[in-house]
Amino acid sequence: MLYSWVKTFHLMFVMSWFAGLFYLPRIFVNLAMVPADSNAERARLLLMSRKLYRFMGPLMVLALVFGLWLWLGIGIGEGAAWMHAKLAIVVMLLGFHHACGRILRRFEAGTNTRSHVWFRWFNEVPTMALLVTLILVVLKPF
């Protein structure tokens with residue numbers, strides 16, 4: 001019964017964190033497209049970005065806590081190659097999360113040099129990571 005509760009909370013927090021990982025880069029696309037004279041639009045998008053990023057942090061931590069509980073506490077995927085691959089993707093997503101924070105600070109400072117097209121591609125990273133993770137967890141190909 002404990003396993004089911006831990007897994008439920010892990011999935012809930014992973015989905016919530018991913019909602020932010022999907023949406024924050026989309027806001028960056030819009031920020032990169034804001035005309036230089038549109039201060040109100042820029043300020044609104046920056047406020048949305050800051051609030052979302054702050055909200056994503058605790059979700060990320062809770063997803064990690066419940067994931068570690070499943071892995072180390074209950075023994076899910078212990079010693080399995082698919083779990084090592086999944087953990088590599090999780091580490092990459094942690095880096096992506098923190099890269100979003102750096103990008104947000106650049107937008108706040110007015111020093112962003114990337115185009116909206118770059119951010120459109122950047123926006124696809126969490127989607128691909130989620131797809132590969134789901135394949136690893138559900139199919140356990142190795």
Side-chain angles (χ1 to χ4, degrees), residues 1-36 38 40-142:
M1 185 67 165
L2 177 64
Y3 165 75
S4 296
W5 281 104
V6 174
K7 185 176 180 180
T8 298
F9 283 111
H10 175 62
L11 290 172
M12 182 184 73
F13 290 120
V14 166
M15 288 185 293
S16 299
W17 179 39
F18 263 93
L21 291 176
F22 291 148
Y23 192 60
L24 187 58
R26 183 64 208 161
I27 297 174
F28 293 159
V29 170
N30 293 322
L31 271 167
M33 295 174 63
V34 171
S38 186
E41 182 180 4
R42 183 179 184 280
R44 180 178 49 81
L45 290 170
L46 282 173
L47 179 64
M48 290 170 57
S49 298
R50 278 191 297 273
K51 286 183 175 185
L52 180 58
Y53 188 71
R54 278 196 306 263
F55 187 68
M56 289 167 54
L59 296 171
M60 173 191 66
V61 169
L62 288 167
L64 290 171
V65 165
F66 283 99
L68 286 170
W69 191 349
L70 285 170
W71 180 43
L72 300 173
I74 298 175
I76 303 300
E78 193 173 319
W82 67 267
M83 179 56 86
H84 292 111
K86 178 191 173 204
L87 292 173
I89 293 170
V90 169
V91 169
M92 187 267 315
L93 285 168
L94 292 171
F96 183 86
H97 177 101
H98 291 290
C100 285
R102 285 192 306 276
I103 290 167
L104 175 56
R105 287 189 292 278
R106 285 188 197 126
F107 273 115
E108 290 172 327
T111 59
N112 174 58
T113 58
R114 306 236 187 239
S115 72
H116 68 93
V117 175
W118 188 89
F119 287 110
R120 288 179 195 278
W121 284 104
F122 182 73
N123 189 39
E124 299 304 320
V125 171
T127 305
M128 294 298 107
L130 180 61
L131 175 64
V132 173
T133 301
L134 286 172
I135 290 169
L136 289 169
V137 171
V138 174
L139 300 178
K140 296 174 180 55
F142 46 87

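Numbers here simply count residues along the sequence, with the first being 1. Excluded from the calculations below are hydrogen atoms, water molecules and symmetry mates; all remaining heavy atoms, backbone and side chain alike, are included.
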Over 12 foreign heavy atoms within 6.0 Å of [atom1], [X]:
X: Tyr23; atom1: OH; result: no
X: Phe96; atom1: CZ; result: yes
X: Phe22; atom1: CZ; result: yes

Side-chain contact test, heavy atoms from C-beta onward, threshold under 4.5 Å: evaluate it for [X] versus [Y] and give yes or no.
X: Leu64; Y: Val90; result: yes
X: Phe28; Y: Asn123; result: no
X: Val91; Y: Leu87; result: no
X: Leu2; Y: Trp69; result: yes

Please check this pair: side chain of [X] against backbone of [Y], looking for a donor-acceptor N/O pair closer than 3.5 Å.
X: Ser38; Y: Val34; answer: no
X: His10; Y: Gly67; answer: yes
X: Lys140; Y: Val137; answer: yes
X: Arg42; Y: Pro35; answer: no

On a heavy-atom basis, which atom in [X] and which in [Y] lie closest, and how many Å separate them?
X: Leu104; Y: Ser49; value: CD1-CB, 3.4 Å
X: Leu94; Y: Met60; value: CD2-SD, 3.4 Å
X: Leu24; Y: Met56; value: CD2-SD, 4.1 Å
X: Lys86; Y: Leu136; value: N-CD1, 3.7 Å
X: Cys100; Y: Pro25; value: SG-CG, 4.3 Å
X: Trp82; Y: Gly77; value: CZ2-CA, 3.7 Å

Pairwise distance [atom1]([X]) to [atom2]([Y]) - rounded to 0.5 angstrom:
X: Ile103; Y: Leu31; atom1: CD1; atom2: CG; value: 11.0 Å
X: Ile89; Y: Thr133; atom1: CD1; atom2: OG1; value: 4.0 Å
X: Arg54; Y: Leu59; atom1: CZ; atom2: CG; value: 13.5 Å
X: Phe119; Y: Asn112; atom1: CZ; atom2: CG; value: 4.0 Å
X: Phe13; Y: Phe9; atom1: CZ; atom2: CZ; value: 6.5 Å
X: Glu78; Y: Trp71; atom1: CD; atom2: CH2; value: 9.0 Å

Test side-chain contact (heavy atoms from CB on, under 4.5 Å) on Leu70 and Tyr3; report intermediate values, then the result. CA-CA 7 Å; Leu70 285 170; Tyr3 165 75; 3.8 Å; yes
Sequence neighbours left out, what passes side chain to side chain donor-acceptor pair (under 3.5 Å) with Thr8? Give chain and number order. none
Residues two or more places apart in sequence or in another chain: which of them pass ring pair (Phe, Tyr, Trp, His ring centres under 6.0 Å) with Trp121? none
Establish, from distance only, whether the side-chain atoms of His97 and Trp17 form a donor-acceptor pair under 3.5 Å. yes
With salt bridge (charged side-chain N to carboxylate O under 4.0 Å, His left out) as the rule and sequence neighbours excluded, what pairs involving residues 106-130 come up?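 Every salt bridge (charged side-chain N to carboxylate O under 4.0 Å, His left out) pair that includes a residue of residues 106-130, provided the two are not neighbours, is Arg50-Glu108.
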